[in-house]
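The structure presented is a predicted model; accordingly, all values stated were derived computationally and were not measured.
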Amino acid sequence: MNGREINWIALIIVILLFVAVAIMGFMAARWRRTGEQGLHSLDEWGLGGRGFGTWITWFLLGGDLYTAYTFVAVPAAMWATGAVSGFFAVPYTIVLYPIIFIIMSRLWSVSHRHGFVTSADFVGGRYGSRWLSLAVAVTGIVATMPYIALQLVGIKAVLTVLGLGSSQNMLLTDMPLILAFVVLAAYTYTSGLRAPAMIAVVKDLLIYLSVIVAVIYLPIKFGGWDTIFGAAETKLGTVNQATGKPAGVFIPGPGNYSAYWTLALGSALALFMYPHSVTGVLASKARNTIRRNAAILPLYSLMLGFLALLGFVAIQAGTKPVDLDGSVNPQLVVPQLFLDHFPAWFAGIALAAIAIGALVPAAIMSIAAANLFTRNVYRDFFRPNVDAKTEANVSKIVSLVVKVGALIFVIAMDQSTAINMQLLGGIWILQTFPAVVVGLYTRWFDRWALLAGWAAGIAFGTISAYNVVNPVTHAHFGGSVAPIPGTDFSVYIAVSAFALNLIVSALLTLVLRALKVPTGEDTTRPSDYGADETDPKIVEIERTHRFVEPGGAPPVA
């Protein structure tokens, strides 16, 4: 038997909103079409015609970066272990936006001038190396897969607190999840990036409504923030009998500073290396659109700060996030908090916002991963002369495969495995930073040196993460922070791996230059990195793209 009663009012609200956004997803196929060829090219299907303006890009990037798992996991971490594992997400998103302002506008310019669809396209053109491009592409695909899976964790949390599922009947438990992703797969296949761009508007408005109401109403109900912070400090300061240490960290002390700031900085550097982030950037219509978004996206950070504090509110509220098997599951904290302390109709709106919040990034992530495979594996290694229509069709099919893989991952494996894989994903994706971002400014690094540095960073990061053991479960991959080898200075593993990556790349570049090893052809020019939408070459490429016949050759830079 299922230990929970179904909350029918909240469930009906969730279903109605889900059906509404699904209809929007299918209708998006005809929204803002820029050419006569429909969605028969990666520019149209995978990048939305490269025509999104400031506000659509704002919603798209917000829906892309602030995922369902963000809204579930950040307050869950605050509830379970406190500020180091939870609140670091707020400063890291603040640090992120100057990086976007400076770096991503350059990537937009060079990508639009040369018709690049992925960051691996840029790396291949910049260094004249298919193998370095392949390394960036494979890293992006592998790092994105568990990220998609974790969106399912967000949907699963909503379904659990609504009363759907049973610890005895796994088919009943997983069927709503399967149906949701069948719908997601269908509208992504038919509408491409336009679907999540349109749905992101609804998702973000629902999230803003839910969070604003919650941070005003709940503190009033539970005695104000002083009482809430006091309850959190007491809980997190209680000694865990299994570890002999406090359960968490209310305010990071000196011993936690290095972990806190490296988590924030490393996460900020890594986030826009993810393929879905790059896809959101390249879909915008102008270089200055990116810069304007870097200025207004911090509104999401303000909302995230309030959302994180709901984890402390749940402590004072006495929220009990009990899973179907009777175990405590912190991921259920926020959905359970809304269901316990709001009218069922409003709880339904908030839970729908979380569920819809999974659909937007999952769609963008699957599209981005599919674009990487199509351009940097299929085209570069198997069919160099593939036409635009075939490219789009291959990408559509691969996007389905990626989603099915993520679904199987969540159904067949436990949640901790998905979280551990996401931990590794963050470590891995940061190792593409030297090839992509440094390449936007200088061609000094050698292509083979960058490949060796990438391999060293991947290996070191993976081994270091494996050696972190959870003190309670004794499982490997038990955390994201570890001491720098030979010291007691604990930092985010991705940052130490990144430092090793840079050292290996720099030293090996010096060696290869001394040996006069060929450096490969750079197809870009200095003028490419500052071009805007009025640049004649960009205008010509877009004109050619919009009127090319279906199945015709893609525009050539």
Show your reasoning for whether side chain to side chain contact (heavy atoms under 4.5 Å, CB included) applies to Leu450 and Tyr127. CA-CA 10 Å; Leu450 285 169; Tyr127 295 98; 3.4 Å; yes
Does the side chain to side chain contact (heavy atoms under 4.5 Å, CB included) test come out yes or no for Arg443 and Thr519, once each step is laid out? CA-CA 9 Å; Arg443 183 65 162 69; Thr519 59; 4.0 Å; yes
Verdict with reasoning, Thr54 to Arg292, per side-chain hydrogen bond (donor to acceptor under 3.5 Å, both in side chains): CA-CA 7 Å; Thr54 299; Arg292 282 192 290 269; 2.9 Å; yes
Can you check side-chain hydrogen bond (donor to acceptor under 3.5 Å, both in side chains) on Ser395 and Asn371, steps first, answer last? CA-CA 6 Å; Ser395 206; Asn371 289 346; 2.9 Å; yes
Verdict with reasoning, Asn288 to Asp532, per side-chain hydrogen bond (donor to acceptor under 3.5 Å, both in side chains): CA-CA 8 Å; Asn288 282 333; Asp532 60 23; 6.0 Å; no
Walk me through whether Phe26 and Thr190 qualify under side chain to side chain contact (heavy atoms under 4.5 Å, CB included). CA-CA 7 Å; Phe26 288 108; Thr190 59; 3.6 Å; yes
Walk me through it: do Phe71 and Met303 pass the test side chain to side chain contact (heavy atoms under 4.5 Å, CB included)? CA-CA 10 Å; Phe71 296 124; Met303 181 196 62; 3.6 Å; yes
Mind running side-chain hydrogen bond (donor to acceptor under 3.5 Å, both in side chains) on Asn393 and Thr390 for me, showing each step along the way? CA-CA 5 Å; Asn393 289 337; Thr390 302; 5.5 Å; no
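The structure places CE of Met365 at 12.5 Å from OG1 of Thr188, a figure rounded to the nearest 0.5 Å. To the nearest 0.5 Å, atom CD1 of residue Ile155 and atom CG of residue Leu351 are 12.5 Å apart. Once rounded to the nearest 0.5 Å, the distance linking CD1 of Ile367 with CG of Leu372 reads 12.5 Å. Distance check, rounded to the nearest 0.5 Å: CG of Leu61 to CG of Asp204 gives 10.5 Å.
Side-chain contact between Leu265 and Val495 is absent, with no heavy atoms from C-beta onward closer than 4.5 Å. Side-chain contact between Ile290 and Phe101 is absent, with no heavy atoms from C-beta onward closer than 4.5 Å. Taking the side chain as every heavy atom from C-beta outward, Val117 and Leu47 approach each other to under 4.5 Å. Side-chain contact between Phe346 and Phe338: present, with at least one pair of heavy atoms (C-beta onward) separated by less than 4.5 Å. Between Phe59 and Met198 there is no side-chain heavy-atom pair separated by less than 4.5 Å. Contact of the Phe445 side chain with the Leu508 side chain is not registered, since no non-hydrogen atoms from C-beta on lie closer than 4.5 Å. Proximity of Ser129 to Val123: side-chain heavy atoms (C-beta onward) are nowhere separated by under 4.5 Å. Taking 4.5 Å as the limit, every side-chain heavy atom of Leu150 sits out of range of all side-chain heavy atoms of Val72.
Side-chain atoms of Arg375 never come within 3.5 Å of backbone atoms of Asp121 as a donor-acceptor pair (strictly under, hydrogens ignored). Here the side chain of Thr262 pairs a donor or acceptor atom with the backbone of Ala259 at under 3.5 angstrom. With hydrogens and angles ignored, the 3.5 Å screen pairs a side-chain donor or acceptor of Ser111 with a backbone N or O of Leu107. A side-chain donor-acceptor contact under 3.5 Å links Trp45 to the backbone of Tyr189. A donor-acceptor pair under 3.5 Å links the side-chain atoms of Ser133 to the main chain of Ala120, judged by distance alone. The backbone N or O of Gly439 lies less than 3.5 Å from a partner atom in the side chain of Arg126, making a donor-acceptor pair. For Thr509 (side chain) and Asp446 (main-chain N/O), a donor-acceptor pair under 3.5 Å exists by modelled atom type. Between the side chain of Tyr274 and the main chain of Gly426, a donor-acceptor pair closer than 3.5 Å is present.
Among all heavy-atom pairs drawn from Ala497 and Gly457, the shortest one is CB-O, 3.5 Å. Contact detail for Leu206 and Ala353: the closest heavy-atom pair is CB-CB, 3.6 Å. Across Ile148 and Ala362, no two heavy atoms sit closer than the pair CG2-CB, 4.3 Å. In plain terms, the two heavy atoms of Thr57 and Gly280 that are nearest each other are CG2-O, 4.3 Å. Nearest heavy-atom pair, Ala370 versus Val398, reported as atom, atom and distance to 0.1 Å: CA-CG1, 3.7 Å. Closest heavy-atom contact between Leu282 and Phe116: CD1-O, 3.8 Å.
The side chain to side chain donor-acceptor pair (under 3.5 Å) test applied to Ser277 returns no partner, not counting sequence neighbours. Arg287 is linked by a side chain to side chain donor-acceptor pair (under 3.5 Å) to Ser109, counting only residues two or more places apart in sequence or in another chain. Not a single salt bridge (Lys or Arg N to Asp or Glu O under 4.0 Å) links Arg447 to another residue, sequence neighbours left out.
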Contacts table for residues 93-100: side-chain donor-acceptor under 3.5 angstrom, sequence neighbours left out:
from  : atom 1 : to     : atom 2 : distance (Å)
Thr93 : OG1    : Ala89  : O      : 3.3
Thr93 : OG1    : Val90  : O      : 2.8
Thr93 : OG1    : Ser301 : OG     : 2.7
Tyr97 : OH     : Tyr66  : OH     : 2.5

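Legend: side-chain hydrogen bond (donor to acceptor under 3.5 Å, both in side chains) pairs involving residues 426-437, not counting sequence neighbours, sorted by first then second residue: Trp428-Thr462, Gln431-Asn501. For the ring-ring contact (aromatic ring centres under 6.0 Å, His included) condition, the pairs that include at least one residue of residues 363-401, sequence neighbours left out, are Trp131-Phe381.
Side-chain contact, Asp522 with Thr524: a donor N or O sits under 3.5 Å from an acceptor N or O. Judged by distance alone, the side chains of Trp454 and Thr139 do bring a donor and an acceptor atom under 3.5 Å apart.
Ring planes of His112 and Trp108: parallel class, angle under 30° (limits at 30 and 60°).
With respect to Thr118, the side chain to side chain donor-acceptor pair (under 3.5 Å) criterion is satisfied by exactly one of Thr374, Asn376, Thr279: Asn376.
Ring-centre distance between Trp58 and Tyr300: below the 6.0 Å cut-off. Between His276 and Tyr147, the ring centre distance stays below 6.0 Å.
Electrostatic pairing of Arg113 and Asp528 counts as a salt bridge here, judged by a charged N lying under 4.0 Å from a carboxylate O. With salt bridges taken as basic N to acidic carboxylate O contacts below 4.0 Å, none links Glu44 and Arg50.
Counting non-hydrogen atoms of neighbouring residues, nucleotides and ligands closer than 6.0 angstrom, the CZ atom of Phe306 reaches no more than 12 such neighbours. Within 6.0 Å of atom CE in Met24, more than 12 heavy atoms from other residues, nucleotides or ligands are found, so the atom counts as buried in its surroundings.
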